[in-house]
Amino acid sequence: MSTSGTSAGTKGGRARFGKALIDAATLARRVEQLGKQITADYEGREIVAVGILKGAALFYTDLVRQIRRPLIVDFLRAGSYGGRTSTSGDVRIVADDEAVEVAGRHVLIVEDIVDSGVTMQYLRKLFLAKGPASVATCTLLDKPTRRRIDVPLDYVGFSVADVFVVGYGMDHGERYRNLPYIAALDEVQKP
Ligand code: IMP
Ligand code: MG
């Protein structure tokens, strides 16, 4: 293994794996703001924060550390893309049977990105059917021009244009999730 490589961070606005669309410092600032907003909104309440794997994993772990409320951690694995760059419209849930009990609790769904809205709508309905005290939705990114289903979003990090993005948890064919910033797929694929 070579040890000569440098970090995958942004250098002079130009990242090693492509130009950043949203750099690490901007992500950190916005995640802190979202955490403060959620902390204020949930005064006196305990949150069951459900991170949607795998895409929301990095955002989720940063976000929960900025929420100063009693909080239960849970994850759910959902997917509808399977290596494509747009939804199949058919959402799969993997391993829901060991999920934390949400009846009577305040559920906060944490997603990486809402595109057509199919996945978030499916998740909202899934949790609403379990008799929670409330269900709120939080997504790091929103692509409003791609929406097919008008799903309510309570917390949005950034609105982005209709470009396929990777990094900070988001992938294309399982790659690029480890980039510490968000880039357009076109950029990271440039030689
Ligand atoms: P939707 O069901 O069409 O709203 O798609 C939502 C899911 O698709 C997200 O949870 C992501 O995992 C994935 N997704 C949508 N757009 C992108 C993107 O630009 N990059 C990476 N994943 C995406
Ligand atoms: Mg996802």
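Indexing begins at 1, ligand by ligand and atom by atom, following the structure's order. Throughout, residue positions are numbered sequentially from 1 according to the sequence presented.
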Tell me whether [X] reaches ligand 1 (any heavy atom closer than 4.0 angstrom to a ligand atom).
X	result
Leu141	no
Val165	yes
Arg146	no
Ser116	yes

Between [X] and [Y], does any side-chain N to carboxylate O distance fall below 4.0 Å?
X	Y	answer
Arg147	Asp142	yes
Lys130	Glu101	no
Asp62	Arg65	yes

Inset, instruction - Give the contacting part of His172 toward ligand 1: side chain, backbone, both or neither, where contact means a heavy-atom distance below 4.0 Å. - result: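 For His172, there is no contact with ligand 1 at all, from either part.
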Inset, instruction - Select one of side chain, backbone, both or neither to describe which atoms of Glu111 lie under 4.0 Å from any atom of ligand 1, heavy atoms only. - result: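 Side chain only.
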Legend entry - Among Leu108, Val48, Ile109, side chain to side chain contact (heavy atoms under 4.5 Å, CB included) partner for Phe127: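 When Leu108, Val48, Ile109 are each tested with Phe127, the side chain to side chain contact (heavy atoms under 4.5 Å, CB included) holds only for Ile109.
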Legend entry - Side-chain (Asp74) to main-chain (Val50) donor-acceptor, under 3.5 angstrom: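 It does not hold such a pair.
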Inset, instruction - Using the six-membered ring wherever Trp is involved, compare the ring planes of His172 and Phe164 and label them parallel, tilted or perpendicular (cut-offs 30° and 60°). - result: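 Answer is perpendicular, since the angle exceeds 60°.
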Inset, instruction - Quick one: sort the Tyr168 and Phe59 rings into parallel, tilted or perpendicular, breaks at 30° and 60°. - result: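 Geometry flag for Phe59 against Tyr168: tilted rings.
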Enumerated ligand 1 atoms positioned under 4.0 Å from heavy atoms of [X]:
X	value
Val118	2 (O), 4 (O)
Lys143	16 (N), 17 (C), 18 (C), 19 (O)
Thr119	1 (P), 2 (O), 5 (O), 6 (C)

Inset, instruction - State whether the number of non-hydrogen atoms from other residues, nucleotides or ligands found under 6.0 Å of Asp162 atom CG is greater than 12. - result: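 Atom CG in Asp162 is packed in, count exceeds 12.
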Legend entry - Heteroatom proximity flag, Gly117 to ligand 1, N/O under 3.5 Å: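 Min N/O separation from ligand 1 is below 3.5 Å for Gly117.
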Legend entry - Polar contact flag for Asp171 and ligand 1 (N/O pairs, less than 3.5 Å):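 No.
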